[in-house]
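Before any comments, here is the structure.
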Amino acid sequence: MTSSPPRVRFAPSPTGYLHVGGARTALFNWLYARKTRGTFVLRIEDTDQERSTEEHTRIILDGLSWLGLNWDEGPLFQGESVTRHRNDALRLLGNNQAYRCFCTKEELEAQRKAAPKGSDTFKYDRRCDRLSDEEVSARLARGMPFAIRFRMPLEDIAWEDAVHGPIAFHGRDLDDLIILRSDQTPIYNLAVVSDDIAMRITHVIRGDDHISNTPKQIALYRALGAEPPVFAHVPMILGPDGKKLSKRHGATAVGDYQDLGILPAAMRNFLALLGWAPGGDREILTQEELIDLFSLDGIQGKPAVFDLTKLEWMNGQYLSLLPPGELIEPVARELERMGVGFPSRDDLLPYLEAVRARSRTILDVARQVAVRLDPARAELDEKGHNLIGKMGEGYAKSLRIAIETLAAIPEEQWDSERILVSLKERIAAEGMKLGDLLQPIRVALTGSTVSEPVNELVAVIGRETVLRKLIADS
RNA sequence: GGCCCCAUCGUCUAACGGUCAGGACACCACUCUUUCAAGGUGGUAAUACGGGUUCGAUUCCCGUUGGGGUCACCA
């Protein structure tokens with residue numbers, strides 16, 4: 001069997017932002033294409049003129065690029081192919097595989113309402129399919145508008161889904177669907193099939209929510225004389241409450257995570273592991289490993305809950321692997337956005353090195369750098385607050401001792417080694433415990449009980465600034 | 001409600017009839033560190049339920065329950 005390389009597509013409609021679910025679908029398509037040396041096509045489904053905007057198209061393209069999901073063909077716009085869609089519909093009409101439906105939207109609505117309120121789903125009763133040729137001609141002569149309706153075959157429709165295995169629908173449950181509106185514009189299910197045939201798509205990897213469209217589309221493929229592709233239906237992504245992920249869960253757009261300071265490589269890794277696993281214990285995988293290990297049958301059949309905490313953990317892993325130099329630019333931009341002044345981009349490096357290991361996102365890094373540049377920005381967190389409460393008088397006393405000790409170090413000798421030595425000597429002389437002197441300094445300088453070693457913290461902030469802040473707090 | 005999909009720790013998952021049901025996040029302890037994290041070590045924690053099939057079921061079949069999706073001249 002000679003098989004040509006697969007052709008897959010990602011086909012978002014530009015009616016909203018690029019959501020994580022869509023991003024993951026795109027990622028799976030991309031991984032499959034790269035794995036099989038196939039072609040990844042990007043198609044923008046903009047047939048809904050009302051809701052589609054160029055702004056959304058741009059955001060989707062930017063999101064894909066940010067994730068590193070480059071496409072080989074496109075972006076193609078579905079709207080540019082309406083003539084072909086229409087011709088396909090007309091062809092089915094000519095074949096007698098479709099018929100004119102003169103029912104108006106209102107009439108259909110009424111029929112739906114009148115349908116027995118019971119067990120079954122409403123199905124169109126095919127009244128227009130029973131119209132005599134004379135009646136049809138008469139209505140056409142009167143200029144009555146009509147839609148084109150596909151005559152759904154009676155037989156059951158089944159396929160072998162690449163993630164779910166065999167799926168079957170009963171022919172009796174399938175409705176005659178409209179494929180061309182009365183204004184001659186195509187309906188989604190026709191446009192998709194027409195485009196996928198024209199683009200020679202071999203594997204349709206898309207969301208689970210399309211399962212119920214699939215039997216209709218398979219029927220259309222057959223009616224159009226084309227072989228249906230392989231279908232792979234990827235389960236949905238859920239919020240922490242088990243409901244479909246949506247705006248009320250907070251950040252759902254790819255851009256939101258970009259703003260949070262998530263690195264694209266971490267996002268890609270995390271998304272790949274949501275609903276897919278390479279088998280074994282692998283968690284952190286490079287792009288190459290992802291491509292190498294990817295396969296459709298490793299995709300989970302059940303929906304997955306999006307766990308932001310794990311994403312942040314994973315981002316922290318990527319952050320610590322990144323050469324600090326690569327953090328300069330994104331952090332500098334974030335600082336500028338925050339309105340924090342700094343001497344130059346190169347001067348940021350020592351701060352980044354100090355702070356990086358304790359950060360999970362770029363935003364974390366920037367916030368901590370900002371505090372080191374200007375300790376006046378420090379805000380007490382809960383643990384810091386507790387510490388001050390617990391120490392009572394001792395807090396201010398420790399700060400006074402710290403001030404005396406540090407003030408005695410001349411500017412020329414202000415380095416982390418010297419600071420450590422001075423602090424230790426003083427601690428010994430006072431008979432204090434190490435933490436009793438160091439923790440108050442840390443809290444006063446950062447607002448938090450977590451930071452790099454105190455001597456390094458003090459060194460990086462600088463003599464004058466440290467003393468000023470400690471005096472202000474004591 | 002009809003139709004379709006699904007069901008392993010709180011979450012993401014491994015296991016393709018025989019494992020003390022493994023890993024990761026989170027959580028807890030311990031450890032390392034002259035101080036914080038990180039790291040290291042250990043721990044708590046799962047096969048929804050009921051029937052089959054089988055010498056043996058997380059795994060195969062049926063049912064129940066639960067969750068998700070979908071039912072437009074939207075995509």
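Remember, it's a predicted structure, so these values are computed and weren't measured experimentally. Labels below follow one simple rule: chain letters A, B, ... track the order of the sequence lines, proteins then strands, and each chain is numbered from 1.
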(request) Would you mind reading off the distance between A:Leu274 atom CG and B:U13 atom C1', rounded to a whole angstrom? (result) 11 Å

(request) Nearest whole angstrom, please: distance from the C1' of B:G39 to the CZ of A:Arg358. (result) 12 Å

(message) So A:Gly275, base contact, sugar-phosphate only, or nothing? Heavy-atom distance under 4.0 Å.
(response) sugar-phosphate

(request) Name the pairing partner of B:A45, where a pair is Watson-Crick or G-U wobble with both distances under 3.5 Å, or state none. (result) none

(message) Just checking A:Tyr17: does its OH atom have more than 12 heavy atoms from other residues, nucleotides or ligands closer to it than 6.0 angstrom?
(response) no

(message) Is A:Arg360 close enough to B:A26 that one of its side-chain N or O atoms is under 4.0 Å from OP1 or OP2 there?
(response) yes

(message) Rounding to an integer number of angstrom, what distance separates B:C4 and B:C74 when you compare their P atoms?
(response) 26 Å

(request) For this output row, return yes or no: ring centroids of A:Phe306 and A:Tyr257 closer than 6.0 angstrom. (result) yes

(request) Produce a footprint string for nucleotides 66-75 of chain B: one letter per nucleotide, 5' end first; B if the base is under 4.0 Å from any protein heavy atom, S if only the sugar-phosphate is, - if neither. (result) --SSSBSBBB

(message) Between A:Val454 and A:Lys310, which residue's closest nucleotide on RNA chain B lies nearer the 5′ terminus?
(response) A:Lys310

(request) Determine the interatomic distance between P on B:C49 and the same-named atom on B:U41; round to the nearest Å. (result) 33 Å

(request) Considering only NZ, NE, NH1 and NH2 on the basic side and carboxylate oxygens on the acidic side, decide whether A:Asp125 and A:Arg127 come within less than 4.0 Å. (result) yes

(request) Could you work out the separation of B:A75 and B:G69 based on their C1' atoms and round it to a whole Å? (result) 15 Å

(request) For A:Ala168, answer base if it contacts any base atom (sugar-phosphate contacts may also be present), sugar-phosphate if it contacts only those atoms, and nothing otherwise; contact means non-hydrogen atoms under 4.0 Å. (result) sugar-phosphate

(request) Report the distance from atom CD of A:Gln300 to atom C1' of B:U47, rounded to the nearest whole Å. (result) 14 Å

(request) Can you tell me the distance, in whole Å, between the CZ atom of A:Arg282 and the C1' atom of B:C25? (result) 18 Å

(message) Need the pair for B:C30. Rule: Watson-Crick or G-U wobble, both distances under 3.5 Å, any strand; none if unpaired.
(response) B:G40

(request) Determine, using ring centers only, whether A:Tyr99 and A:Phe150 are less than 6.0 Å apart. (result) no

(message) Return whichever of A:Asp281 or A:Ala304 has its heavy-atom-nearest nucleotide of RNA chain B closer to the 5' end.
(response) A:Ala304

(message) Please report the distance separating the C1' of B:U44 from the corresponding atom of B:A29, rounded so that it comes out in whole Å.
(response) 10 Å

(request) Calculate the interatomic distance between A:Ile167 atom CD1 and B:C4 atom P; express it in whole Å. (result) 11 Å

(request) Could you measure between the two C1' atoms, the one in B:C25 and the one in B:A45, and give it in whole Å? (result) 13 Å

(message) Of the listed nucleotides (B:C5, B:A24, B:C3), which one gets closest to any side-chain atom of A:His164?
(response) B:C5

(message) Measure CE/A:Met314 against P/B:U13 and give the value in whole Å, please.
(response) 12 Å

(message) My understanding is that only residues two or more places apart in sequence, or in another chain, count here; which of them pass ring-ring contact (aromatic ring centres under 6.0 Å, His included) with A:Tyr32?
(response) A:His203

(request) Can you tell me, in whole Å, how much space there is between the C1' of B:U19 and that of B:A38? (result) 33 Å

(request) Would you mind pulling out the nucleotide paired to B:C25, Watson-Crick or G-U wobble, both distances under 3.5 Å? (result) B:G10

(message) Taking A:Glu452 first and then A:Arg372, would you say they form a salt bridge - that is, a charged N and a carboxylate O separated by under 4.0 Å?
(response) yes

(request) Can you tell me the distance, in whole Å, between the NZ atom of A:Lys302 and the P atom of B:A46? (result) 15 Å

(message) Using the P atom as the point on both nucleotides, what is the distance between B:A24 and B:A14, in whole Å?
(response) 15 Å

(request) Please determine, for B:G2, whether a Watson-Crick or G-U wobble partner exists with both distances under 3.5 Å, and give it or none. (result) B:U70

(message) Counting the benzene-type ring for Trp, do A:Trp71 and A:Phe10 have ring centres under 6.0 Å apart?
(response) no

(request) For A:His170 and B:C3, give me the distance from atom NE2 to atom P, rounded to whole Å. (result) 8 Å

(request) Sort out the partner of B:C16 for me: Watson-Crick or G-U wobble, both distances under 3.5 Å, none otherwise. (result) none

(request) Determine, for A:Lys310 against A:Glu312, whether the closest basic-nitrogen to carboxylate-oxygen distance falls under 4.0 angstrom. (result) no

(request) Give, for atom CD1 of A:Ile284 and atom CG of A:Asn269, the distance between the pair rounded to the nearest 0.5 Å. (result) 5.0 Å

(message) Give me the distance, rounded to whole Å, that separates B:U58 from B:U70 when you measure between the P atoms they each carry.
(response) 34 Å

